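What follows is a set of notes on a single structure, which appears directly below.
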Amino acid sequence: MKKLNWEKYSKYLTIIALVFIIAAGYFVNRHKVQIREAYKLPFYEVDLQTVEDGIYYGKTYTTFLHVQLNVKVENHKIQDIEVLECEGIDGETAKPILQTMIQENKVVVPAIKHAELGSLVYISCVSCALNEEYLSENSDE
């Protein structure tokens, strides 16, 4: 039997380990940046009793998810949320949160498990769409 030459293979193993460590560090850092960005999104308390009937447009763009939607309100109830754009990480996975908002007639609902960042983007987008203060500040966009 031939004995393995570990010195020959140790260089390759070291290179593979370094590449793995660098890649893992990159992904961990990227996720931390996304969490910080989601934390800085605008979130508004929305009293649906003060929201008039109509269709309200919302747009929230982050580095990881772009969302545009229309929120239809009738009789102080969220009737429908139509997604116009959903591009990025967690966008499709977090979409069920919109149905929960409609069913519970609330903007702030629990996040979708394993799609927390996408859920926060949707909550921010709907709260901005239905908030008068935000609408008046951004009416020129």
Side-chain angles (χ1 to χ4, degrees), residues 2-141:
K2 191 174 181 183
K3 192 174 181 182
L4 287 176
N5 185 355
W6 284 106
E7 286 181 24
K8 180 180 175 183
Y9 293 110
S10 68
K11 292 177 188 178
Y12 297 115
L13 290 174
T14 303
I15 291 171
I16 291 170
L18 284 174
V19 168
F20 178 77
I21 290 169
I22 290 169
Y26 168 77
F27 286 110
V28 167
N29 186 51
R30 188 177 81 173
H31 190 68
K32 284 181 182 181
V33 168
Q34 291 170 347
I35 290 170
R36 273 187 244 125
E37 187 177 2
Y39 176 75
K40 291 178 182 179
L41 287 171
F43 295 95
Y44 296 96
E45 282 188 43
V46 177
D47 180 6
L48 286 165
Q49 296 305 314
T50 63
V51 178
E52 296 180 19
D53 290 359
I55 296 176
Y56 298 88
Y57 172 77
K59 175 174 90 171
T60 302
Y61 280 14
T62 65
T63 58
F64 60 91
L65 180 60
H66 294 187
V67 172
Q68 291 184 45
L69 47 76
N70 284 331
V71 182
K72 182 178 180 183
V73 176
E74 288 180 4
N75 298 319
H76 307 291
K77 292 189 181 320
I78 300 172
Q79 296 296 317
D80 187 38
I81 301 173
E82 176 189 10
V83 177
L84 305 173
E85 179 185 4
C86 170
E87 302 270 334
I89 299 170
D90 281 350
E92 290 298 320
T93 312
K95 257 188 192 174
I97 198 167
L98 300 175
Q99 199 58 39
T100 305
M101 289 178 186
I102 294 168
Q103 289 170 348
E104 295 184 15
N105 198 41
K106 295 190 314 188
V107 174
V108 180
V109 295
I112 302 296
K113 191 171 186 170
H114 303 296
E116 290 83 1
L117 293 178
S119 297
L120 290 174
V121 173
Y122 279 115
I123 291 170
S124 174
C125 194
V126 172
S127 76
C128 289
L130 297 176
N131 185 277
E132 288 180 29
E133 187 179 309
Y134 180 81
L135 291 173
S136 62
E137 288 174 4
N138 296 289
S139 61
D140 59 327
E141 288 185 9

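Quick caveat, the model's predicted, so the values are computed rather than measured.
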Inset, instruction - Might you work through the side-chain contact (heavy atoms from CB on, under 4.5 Å) test for I112 and Y122, ending with a clear yes or no? - result: CA-CA 11 Å; I112 302 296; Y122 279 115; over 6 Å; no

Inset, instruction - Can you see which heavy atom on I89 is nearest to which on R30, and at what distance? - result: CD1-NH2, 4.4 Å

Inset, instruction - Look up atom OG1 in T100 and atom CD1 in I97, then write down how far apart they are to the nearest 0.5 Å. - result: 6.5 Å

Inset, instruction - Give a yes or no on whether H76 atom NE2 has more than 12 heavy-atom contacts from other residues, nucleotides or ligands under 6.0 Å away. - result: yes

Legend entry - Nearest non-hydrogen partners of I102 and D80, listed with the distance: CD1-CA, 3.9 Å

Inset, instruction - For E85 and Y61, test the side chains for any donor-to-acceptor distance below 3.5 angstrom and give the result as yes or no. - result: yes

Inset, instruction - Nearest 0.5 Å please: distance from the CD1 atom of I123 over to the CG atom of L98. - result: 9.5 Å

Inset, instruction - Identify the two heavy atoms, one from A38 and one from L120, that lie closest to each other, and give their separation to 0.1 Å. - result: CB-CD1, 4.0 Å

Legend entry - Pairwise distance NE2(H31) to CD1(I35) - rounded to 0.5 angstrom: 3.5 Å

Inset, instruction - Would you give the length of the straight line joining atom CG of N105 to atom CD of Q79, rounded to the nearest 0.5 angstrom? - result: 8.0 Å

Legend entry - Non-hydrogen atoms of V83 and L69 that approach each other most closely: CA-CB, 4.1 Å

Inset, instruction - Please say which of V109, V108, V71 ends up in a side chain to side chain contact (heavy atoms under 4.5 Å, CB included) with M101. - result: V109

Legend entry - Sidechain-backbone polar pair: S124 side chain, P42 backbone, donor-acceptor under 3.5 Å: yes

Inset, instruction - Identify the heavy atoms of D53 and N75 that sit nearest to each other, and give their distance. - result: OD1-N, 2.7 Å

Inset, instruction - Would you confirm whether N131, through its side chain, and Y44, through its main-chain N or O, come within 3.5 Å as a donor-acceptor pair? - result: no

Inset, instruction - Give, for atom NZ of K77 and atom CD of Q49, the distance between the pair rounded to the nearest 0.5 Å. - result: 8.0 Å

Legend entry - Atom pair CD1 (I55) and CD (E74), whose distance is rounded to the nearest 0.5 Å: 8.5 Å

Inset, instruction - Would you check if there is a donor-acceptor pair between the side chains of T63 and E37 at a distance under 3.5 Å? - result: yes

Inset, instruction - Flag the pair D90 / F64 as yes when at least one side-chain heavy-atom distance between them is below 4.5 Å, and no otherwise. - result: no

Inset, instruction - Report the C-alpha distance between H66 and C86 in whole Å, list the side-chain angles of each, state the deciding distance to 0.1 Å, and finish with yes or no for side-chain contact (heavy atoms from CB on, under 4.5 Å). - result: CA-CA 6 Å; H66 294 187; C86 170; over 6 Å; no

Inset, instruction - Give the minimum heavy-atom separation between L65 and G118, together with the two atoms involved. - result: CD2-CA, 3.8 Å

